[in-house]
Participant: 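Structure provided below as structure tokens; questions to follow.
Small disclaimer: the values here were computed from a predicted structure and weren't measured. Atoms within a ligand are numbered from 1 in the order they appear, just like the ligands themselves.
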Amino acid sequence: MILTNAHLVGVDGVHPGWGVHPGWIEISDGQVVGSGGGSRPGLDLGGSYLAPGFVDMHVHGGGGAAFSDDPAVAVGFHRRHGTTTCLASLVTAPIDVLARQIASLAPVVESGVVAGIHLEGPFLAASRCGAHDPSLLRAPLPEDVATLLDAGRGTVRMVTVAPELPGGPDAIREIVDGGAVAAIGHTDATYEEACAGLAAGATVGTHLFSAMRPLHHRDPGVITALLDSDAVLELIADNVHVHPALISWVLRAAAPGRTALITDAIAAAGQHDGDYRLGGLEVTVQGGVARLAHGGALAGSTLTQDVALRNAVAAGVPLVDAVAALTVVPARALGLDAGSLVVGARADVVVLSSDLSVDGVMVAGSWIVQPSAV
Ligand SMILES: [Zn+2]
Ligand SMILES: [Zn+2]
């Protein structure tokens, strides 16, 4: 199959640099087997954008289901919005409950439906708990970290830790030695404590700005440490968690090439306003904004990555940079072979109309959403 008369976004076979170029790609056996500039006979996409499938490194659910309840529903929902690779994020729970959730998700990872498990908790700061039950948060003991990693048999891909907790840097080393990515988040870390976490091997910042000690010029804190590091920084581009001016500033000036646009979506994404649950806590969604029923803290989002793309571009982010933040940057942060249209890549593609709405989604060479040209 040849998809032609498209504007390829990102890296293609002709142009090594990131850009938007007219061209085509050829797909066979679920893989990209060729690409080039100009036109070839094939499925005419009428000049639409053709981007790699999006990669969401932080998402709890969607379409009415959490990953811990029905991963197929959550994956199916986000695929229709362009996300072809995602982690399954789990919120804080008792260690034995988390271990059971991990064990039941491990086969889902091994079958390729999701790319790995993200543990957001329980090693988080109670003072920055956000929508995590503060009574279940704890400092990381080596045996608890080992229990959770072992339960996943290699499928736990990322663990978020507050590095200022007793044993925080040791836990970060244990996570990295265990083959997972350590992320810094839900943290009250000072600049020095955050630097210690980065020195121990943390390479991701979990939803930058949210659930973190705020930046102050005499107390630069974890945000400055993350911005001034090589870590990949997650941003929730729903215009609720982070102001659009900061979205464009982080991508342009502070962390170009190392910003990942995530959804942090919960089961309520794609559903009506109403009452939902996130882990053991009650969540109320009003006007598409999810908050804890008690206390009113933001509780994830109802965002999808196609909306994140449009929000970022509306905030002034160049299209190629926004697409990189949705594809190759999170893929690289997780060590995943995804987020690119180069020859040999799995044929995960998103067709985007000129207004950046999703017109087609292909996973491993099969259309999940048929483009209007078909
Ligand atoms: Zn969070
Ligand atoms: Zn989350």
Participant: Give the intermediate values and the outcome of side-chain contact (heavy atoms from CB on, under 4.5 Å) for residues I117 and R157.
Facilitator: CA-CA 5 Å; I117 299 167; R157 192 92 286 280; over 6 Å; no
Participant: Taking the N/O/S atoms of D264 one by one, which is nearest to the Zn ion (ligand 2)?
Facilitator: OD1
Participant: Just give me the atom name: the N, O or S atom of H186 closest to the Zn ion (ligand 1).
Facilitator: NE2
Participant: In sequence, state the C-alpha distance, the side-chain angles, and the governing distance for D355 and R310, and then conclude on salt bridge (Lys or Arg N to Asp or Glu O under 4.0 Å).
Facilitator: CA-CA 8 Å; D355 63 356; R310 294 194 288 275; over 6 Å; no
Participant: Does H207 bring an N, O or S atom to under 2.8 Å of the Zn ion (ligand 2)?
Facilitator: no
Participant: Charged N to carboxylate O below 4.0 Å: is that the case for D144 and R138?
Facilitator: yes
Participant: Are V250 and I247 side-chain neighbours, meaning at least one heavy-atom pair lies under 4.5 Å?
Facilitator: no
Participant: Vertex the Zn ion (ligand 2): angle to OE1 of E120 and NE2 of H58, to 10°?
Facilitator: 100°
